[in-house]
Amino acid sequence: MNLTLRNMRSRKSAREFTSELISESDLQELLEAIRRAPSGKNSQPWKLALVQGEPLEKLRSALCEKFDAGEKPSPDFDSTLLQIYRGRAIDLGKALFAHKGIAREDKEGRKRHDRANFELFGAPQAFVLTCNREHVDTTLMDLGIFAGYLMLGLESLGYSCCPQVSSASYTDVYHDVLQIPETDAVAMVFPFGRALPGSHVNAFNTTREPVENWFRLVK
Ligand SMILES: Cc1cc2nc3c(=O)[nH]c(=O)nc-3n(C[C@H](O)[C@H](O)[C@H](O)COP(=O)(O)O)c2cc1C
C-alpha cells in the first residue's frame, strides 16, 4: 500500500510514551513538511510551539493544579458536544473506560482518567497549536488541516501523539508559562513521543462509521 495511505490508516492516538525526545533532524524534517499544509488564500494562520523540559513540567503542574481545584475551564474555542454526535462520544467513552477497566461507579478511576489529560499523558514533550485570536471560520479549517499534517508527519517518523482540546481549556496557563501573547488563542495541544511498547492504554482502538454512512457518489 502507498506509504501515505498506510500512515493514515495506522495513525491512532497514544496516551503513554517513552521518555525519548524528538531528534533535531526529525524535528527539522517534520517542520519542513508540515509548513507545506494548504490554507485559505495561503494565510498560514498557525503558530506552533514545541514544549519540553522545565516549561513542560511547569505546564503540567499548573494544569493539574487547576484540574484538582475543580476550576472551570475557559477554552478559546468552543468544544461543546453537539447533540447529533452525542451517541458516538458516549460510545467512545464507554469503550475506553471498558478497555481501561474503569467501572461506571468508579469515580476515582474516572477522575484519574480525566486528570491524565492535564498531566499531558506523561509525554516527554508537547506541541501547542495557537493562532491569532482574530479569526474566521476558515481559519479553523486551516488549523484542522495543519493538525492533520502534523499528526501524519509524526506518524511517518515513528512518533505518536494524542490530539487534545481538554488540556488546552485552561488557556491562562499556556499564556503564563509559554508567554503566549493575549492576541493569540490556544487551539490544540499534542503530547507526543514514541508510543510506550506494550502499553495497555495504547492498545485501545477506535471504530469509525462505515464509508456509506457519509460518502455518496454523485454523477
Ligand atoms: C479536536 C480533537 C480534540 C481531541 N481532544 C481529546 C482530548 O482532550 N483527550 C483525549 O484523550 N483525546 C482527544 N482527542 C482524541 C480523539 O478522542 C480521537 O482522535 C478519536 O477518538 C479517534 O481515535 P484515534 O485518534 O485513536 O484514531 C481529540 C481529537 C481531536 C481531533
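Nothing fancy with the numbering, it's 1 onward along the sequence. As the structure lists them, so they are numbered: ligands from 1, and atoms in each ligand from 1.
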Can you give each donor-acceptor pair under 3.5 Å made by side-chain atoms of residues 26-36, sequence neighbours left out, with the distance rounded to 0.1 Å?
unit_1 : atom_1 : unit_2 : atom_2 : d
Asp26  : OD2    : Ser23  : OG     : 3.3
Asp26  : OD2    : Tyr159 : OH     : 2.7
Gln28  : NE2    : Glu24  : OE2    : 2.9
Glu32  : OE1    : Arg35  : NH1    : 3.1

Point to revise | Proximal protein residues to ligand 1, non-hydrogen atoms under 4.0 angstrom | key: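 Correct list: Arg11, Lys12, Ser13, Arg15, Leu92, Asn117, Phe121, Cys162, Pro163, Gln164, Val165, Ser166, Met188, Thr206, Arg208.
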**Message:** Side-chain heavy atoms nearer than 4.5 Å, only ILVMFWY residues, links allowed to pass through others: does that put Leu48 and Ile145 together?
**Reply:**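 As far as the 4.5 Å side-chain criterion goes, Ile145 and Leu48 are connected within one cluster.
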Quick check, are the ring centers of His135 and Phe77 under 6.0 angstrom apart?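 Between His135 and Phe77, the centre distance is under 6.0 Å.
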Atom pairs and distances, donor-acceptor, side-chain atoms in residues 177-192, under 3.5 Å, two or more places apart:
unit_1 : atom_1 : unit_2 : atom_2 : d
Asp184 : OD1    : Lys47  : NZ     : 3.2
Asp184 : OD2    : Lys47  : NZ     : 3.0

Discussion item. Does this structure show an ion pair linking Arg60 with Glu119, if we count only N-O contacts that are shorter than 4.0 Å?
Written reply: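 Here Arg60 does not pair with Glu119 in a salt bridge, since their nearest N and O are not under 4.0 Å apart.
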Which pairs would a plain distance check flag for residues 91-107, meaning a side-chain donor or acceptor within less than 3.5 Å of a matching protein atom at least two apart in sequence or in another chain?
unit_1 : atom_1 : unit_2 : atom_2 : d
His99  : NE2    : His200 : O      : 2.6
His99  : NE2    : His200 : NE2    : 3.4
Lys100 : NZ     : His113 : ND1    : 2.9
Asp106 : OD1    : Gly109 : N      : 2.8

